[in-house]
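A quick write-up on the structure given underneath.
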Amino acid sequence: MQHPHAGTALKIGELAAASGVSVRAIRHYDAHGLLASARGGNGYRVFPQAAITQVRQIQRLIGAGFSLQEIRSFPDCMRLIEGAQACPETSQLQRQRLATLDRQIADLERRRARLRSMLVEAGETA
């Protein structure tokens, strides 16, 4: 099924509705250079149809723990293709992010174990 605005520029509210994110988030992504917008004759910001995919992919990458600065540095193969898993240019950064998350999880697990120990020593159930 084709999008109802196929081939036309989208107003920011239409992009928000089509991508499932807030107008505020779209403005934020646009301000960080992650989206290509233009000003219509009426002065309003308009976006190409491809922005729907871009916004969804930005959300996906944020969900994986990447910052907007990191996402901005990603090549088009990661930013413009919805669901893109990895590009040769981003694999190293993704591996580094995974290693960081693994370290953070290990640290949290150690903290949780210490806290449980403290509660058990105090006679409480953990």
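Here, residue 1 is the first one in the sequence, and each next residue gets the next number. The figures that follow rest on heavy atoms only: side chains count, while hydrogens, waters and symmetry mates do not.
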Check: Should Arg56 and Val21 be marked as a side-chain contact (heavy atoms from CB on, under 4.5 Å) after you check the CA-CA gap, both sets of side-chain angles, and the distance that decides it?
Finding: CA-CA 8 Å; Arg56 289 178 180 157; Val21 303; over 6 Å; no
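Listed by chain and residue number, Arg95, Gln96 satisfy the side chain to side chain contact (heavy atoms under 4.5 Å, CB included) test with Gln92 (two or more places apart in sequence, or in another chain). Checked against side chain to side chain contact (heavy atoms under 4.5 Å, CB included), Asp107 has the following partners two or more places apart in sequence or in another chain: Arg110, Arg111. The side chain to side chain contact (heavy atoms under 4.5 Å, CB included) test applied to Arg103 returns Ala99, Thr100, not counting sequence neighbours. Scanning for side chain to side chain donor-acceptor pair (under 3.5 Å) contacts around Gln104 gives an empty result, with sequence neighbours left out. By the side chain to side chain contact (heavy atoms under 4.5 Å, CB included) test, Glu70 pairs with Phe66, Ser67, Leu93, Arg97, sequence neighbours left out.
Between Ile52 and Ser19, the shortest heavy-atom distance links the atoms O-CB, 4.2 Å. Residue Ile71 comes nearest to Ile58 through the heavy atom pair CD1-O, 4.0 Å, listed as atom of the first residue, atom of the second, then distance.
You'll find the side chain of Leu15 stays beyond 4.5 Å of the side chain of Val23, heavy atoms only. Considering only heavy atoms from C-beta on, Arg24 stays 4.5 Å or farther from Arg27 through its side chain. Contact annotation: the side chain of Ser73 never approaches that of Thr90 to less than 4.5 Å [non-hydrogen atoms, C-beta and beyond].
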Tabulate below the donor-acceptor pairs under 3.5 Å that side-chain atoms of residues 33-47 make, not counting sequence neighbours, or state none.
from: Ser37; atom 1: OG; to: Asp30; atom 2: OD1; distance (Å): 3.1
from: Ser37; atom 1: OG; to: Asp30; atom 2: OD2; distance (Å): 2.9
from: Arg39; atom 1: NH1; to: Gly43; atom 2: O; distance (Å): 3.2
from: Asn42; atom 1: OD1; to: Tyr44; atom 2: N; distance (Å): 2.9
from: Arg45; atom 1: NE; to: Asp30; atom 2: OD2; distance (Å): 3.0

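To the nearest 0.5 Å, atom CG of residue Leu115 and atom CG of residue Leu108 are 12.0 Å apart. To the nearest 0.5 Å, atoms CD1 (Ile105) and CZ (Arg112) are separated by 10.5 Å. If you take CD1 on Ile26 and NE2 on His28, they are separated by 12.5 Å, rounding to the nearest 0.5 Å.
Judged by distance alone, the side chain of Glu14 and the main-chain N or O of Lys11 form a donor-acceptor pair under 3.5 Å.
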